[in-house]
Number of protein chains: 2
Amino acid sequence: MSVGIRHDDLRRRNRAMVISAVRRAGQPSRTEIAATTGLSHSTISAISSDLIQEGILTESKASETVSLKRGRPQVGLSLNPEAAAVLAVVLSLNFLSVAVIDYAGQVVAEEQRRLDTLTMSRDELIDECVAIVRRRLEDPDLDVQSVARIALAIQGITDSHARAMLWSPITPQTNIAFADILEREFGIPAIMENDCNMMAVALRWRDPDRYRDDFIAILLSHGIGMGLVLKGELFTGTHSSGGEFGHMIHRPGGALCRCGRRGCVEAYAGNYAIWRNARQLSENAEPVADVSDAEMRALAARARQTDGPEREAYRKAGEALGFGLGSLFALIDPAPVAMVGASAAAFDLIEPALREAIAQTAGGQHSGSISFDTEPNELPLIREGCAMRALSFVDQEIFAPGAQGKSGTARKHVA
Amino acid sequence: MSVGIRHDDLRRRNRAMVISAVRRAGQPSRTEIAATTGLSHSTISAISSDLIQEGILTESKASETVSLKRGRPQVGLSLNPEAAAVLAVVLSLNFLSVAVIDYAGQVVAEEQRRLDTLTMSRDELIDECVAIVRRRLEDPDLDVQSVARIALAIQGITDSHARAMLWSPITPQTNIAFADILEREFGIPAIMENDCNMMAVALRWRDPDRYRDDFIAILLSHGIGMGLVLKGELFTGTHSSGGEFGHMIHRPGGALCRCGRRGCVEAYAGNYAIWRNARQLSENAEPVADVSDAEMRALAARARQTDGPEREAYRKAGEALGFGLGSLFALIDPAPVAMVGASAAAFDLIEPALREAIAQTAGGQHSGSISFDTEPNELPLIREGCAMRALSFVDQEIFAPGAQGKSGTARKHVA
DNA sequence: CTCTATTTTTTCGAGCCTCGAAAAAATACT
DNA sequence: AGTATTTTTTCGAGGCTCGAAAAAATAGAG
């Protein structure tokens, strides 16, 4: 079972701890790191001296402005941007984007591309991804040697080992091991993640006060996705990325869902479902492939204006989301929720019915205390999550390697 | 955030590792422990020598029968039964039981008692629990000094710090901090756990092959409860024991549940719901307080005999459980399920509709591969889970103490 | 009955790691 | 210029684990 702690693990873990403290805090001094990690000054001194020598950290004359204090001024430590770089690839409906991010987390290059993912063949899809990565890696401004990891996020279900896309609404293809493909192609460790999980990761970095140990990120888009953080850790399924909130059952045998089943939350709250209900089509009507953001905005505008089928459609969406959240809260207790995606801009239309529904569920006891935040733009969030996830891997597996880090392809020490 | 690893934590953790290896394996030799923990022989030798000196482990001339091997015979290490003792208290509907368990996990004394929990006052309930514990502690055969922990399991919701019962179907009382009360009364560290969570813990110890990293224990009883283990850890809510599977919403606005809300899974699958449907009463009929096991057996017998309302009632129960499991599987992916409790004996009546329902959900893709096991007797399971949980605490916090173990009341080193 | 092969367990010195205390460094204030 | 203050480094002490070798304990061979 769980393996004993070897003596050399100790240094490894404490190295990782120092790196992560710097990544979180920005420009902490050695003293601050000692305080947050609970390690002694001597230890921090020794470790940070190593890390600086290896080119992972750099000293950066801390905030001159705050040097009104008496004694020896603190020296800020920061991540050396040149220590490594990672690629964040985001593949969503009809859209592919890639960004190159330096070790300090800054975007240094990017590229975006429109595709027709729904009609592309398997090979075309793979080729596009490989090609866009290749173009970035061939950029003369980039030191290819420094690229330590590629993280690819996709709308859909991925396996729990972060190797493959298992199923996705953006393509009829299934089981594409993107991570393995990219790894083979470029010799750079790659991971494949679910888009909503990356949203959650990003929210945690963006606003650690609000999104700390337990929170929910829900993507309101053509489909409904969820990223869940519990007890400070990203929640995933036992075999897949899990957290398929959109496919929890709202009404057994109910409306036709894009997944082919009936009564899923998504079949009431996804864009296509709202669109379908707003047009007063049958619940059995085949879900449309895509509804433009403009069209959804028009629907929302009409719903705000008159109490017609549009408003009712949003009400039904709120109800489905509310009962779904209620069932979720029965399992995990209530937690802060972030509503992300274009339809989050219409959350005012959704919220009343949502809260009414939640109030009828086990989570309803604390209905008032459940707070919602909205963020209409999911793409930057997904990319940010990818980047942070990739960088965390670099922090832990490459810059603090040891017996534990079994990633065969990971190169040791870059600097 | 996460704190650095101090040098002295190392020994502490490896001590805990050795103890837990012995608890799991029964009578492992030092060599076997070295193999399973990955630590060196020297380290294991040093640690086990300490543990034996402290009276925590004992040498026990390993299985003489297997001494057909050549070299120096292995010396089995086992837990010293006298190193400590724990109390496992189980409080369920109209029933209170306590068991004294020695450090090796053997029951050395027990007592059971019928109560009328639904009508008892808050103080009566507390007094009964305190009294039954006191009687056990006053047993002249028991060394009170050795009692290191009390674990109390209750049917109902407990807080995530294992201090209090927040709500329970067995009593109208709420928010009773049993753990604090017992701790104050006897000066022995106490914890308060949810019964179904303890079932899951016990299943893991009983059959680690089947119930290892991910599995579900569902209690089919008057109410519906769940214990969930994910990635090898007991799953709990953010604020409470969580995992209230029985109160996920099956049909929005549907049948009246014992919790006062509508459409919960329990309102279709709990004993009172099956009974209500079998009698063809309205879904709005007030849930009855209790249905005897005998009566449920009679219902099941009639359902097996003729295709009447009884069979339909079980069908509806299966449907509710199936859609509930389907929604759960959407979140966590399918996992082995153990059906526990009296109604698990009627699982043959439930299973067809359950599987049919699951097949209509996201979990349905692997519908065939989902396996169900039944165990009609929940009480021994709950007690066993309590005992193991309490013993694990002793293993870790008392016999492998350190800066991490902040349990103020825990005494250090017993032997 | 003795000797050898074999396996388990203990012993011992080496190598790390962290820690606390003290020293060194770097600045503000007087 | 000197003193107080704060940060950072240095250094010896104490612990822990590890590998190698020694010791212990048995089965089988002659």
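Here is the naming used below: chain letters follow the sequence lines, and residue numbers restart at 1 for every chain.
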Candidate nucleotides [options], ranked by approach to the side chain of [X] - the nearest:
X: B:Q74; options: D:dT7, C:dT9, C:dT10; result: C:dT9
X: A:S45; options: D:dT5, D:dT9, C:dT9; result: D:dT9
X: A:T31; options: D:dT8, D:dA23, C:dC29; result: D:dT8
X: B:R70; options: D:dA4, D:dA27, C:dA25; result: D:dA27

task: Give the angle between the helix axes at the two ends of the helix from C:dC1-D:dG30 to C:dT30-D:dA1, taking five base pairs at each end and rounding to 10°.
output: 20°

task: Check whether any side-chain nitrogen or oxygen of A:R30 sits under 4.0 Å from OP1 or OP2 of D:dT9, and answer yes or no.
output: yes

In this structure, how many angstroms lie between the [atom2] atom of [N] and the [atom1] atom of [X], rounded?
X: B:Q53; N: C:dT10; atom1: CD; atom2: P; answer: 12 Å
X: B:R72; N: C:dT7; atom1: CZ; atom2: C1'; answer: 9 Å
X: B:D9; N: C:dT18; atom1: CG; atom2: P; answer: 12 Å
X: B:I33; N: C:dT8; atom1: CD1; atom2: C1'; answer: 13 Å

statement: The side chain to side chain donor-acceptor pair (under 3.5 Å) partners of B:S45 (sequence neighbours excluded) come to none

Can you sort out the partners of [X] under side-chain contact (heavy atoms from CB on, under 4.5 Å), two or more places apart, ordered by chain and number?
X: A:D209; answer: A:D207, A:R212
X: B:S241; answer: B:I157, B:T158, B:N194, B:N197
X: B:T58; answer: B:S78, B:N80

statement: Its contact letters, B for base, S for sugar-phosphate only and - for none at protein heavy atoms under 4.0 Å, make nucleotides 14-21 of chain D read BBBSBBB-

- request: Output all residues satisfying ring pair (Phe, Tyr, Trp, His ring centres under 6.0 Å) with A:F393, sequence neighbours left out; order by chain, then residue number.
  value: none

field: Six-ring centre of A:F399, A:R12 cation under 6.0 angstrom, axis tolerance 45°
entry: no

- request: Could you tell me which non-hydrogen atom of A:A88 sits nearest to which non-hydrogen atom of A:C386, and how far apart they are?
  value: CB-CB, 3.7 Å

statement: On DNA chain C, more 5' by nearest nucleotide between B:G71 and B:E32 is B:G71

field: Summary of salt bridge (Lys or Arg N to Asp or Glu O under 4.0 Å) pairs that have at least one residue in residues 384-394 of chain A, sequence neighbours excluded
entry: A:E193-A:R389, A:R206-A:E384

query: Could you give all pairs that pass the ring-ring contact (aromatic ring centres under 6.0 Å, His included) test and reach residues 7-57 of chain A, with sequence neighbours left out?
result: A:H7-B:H7

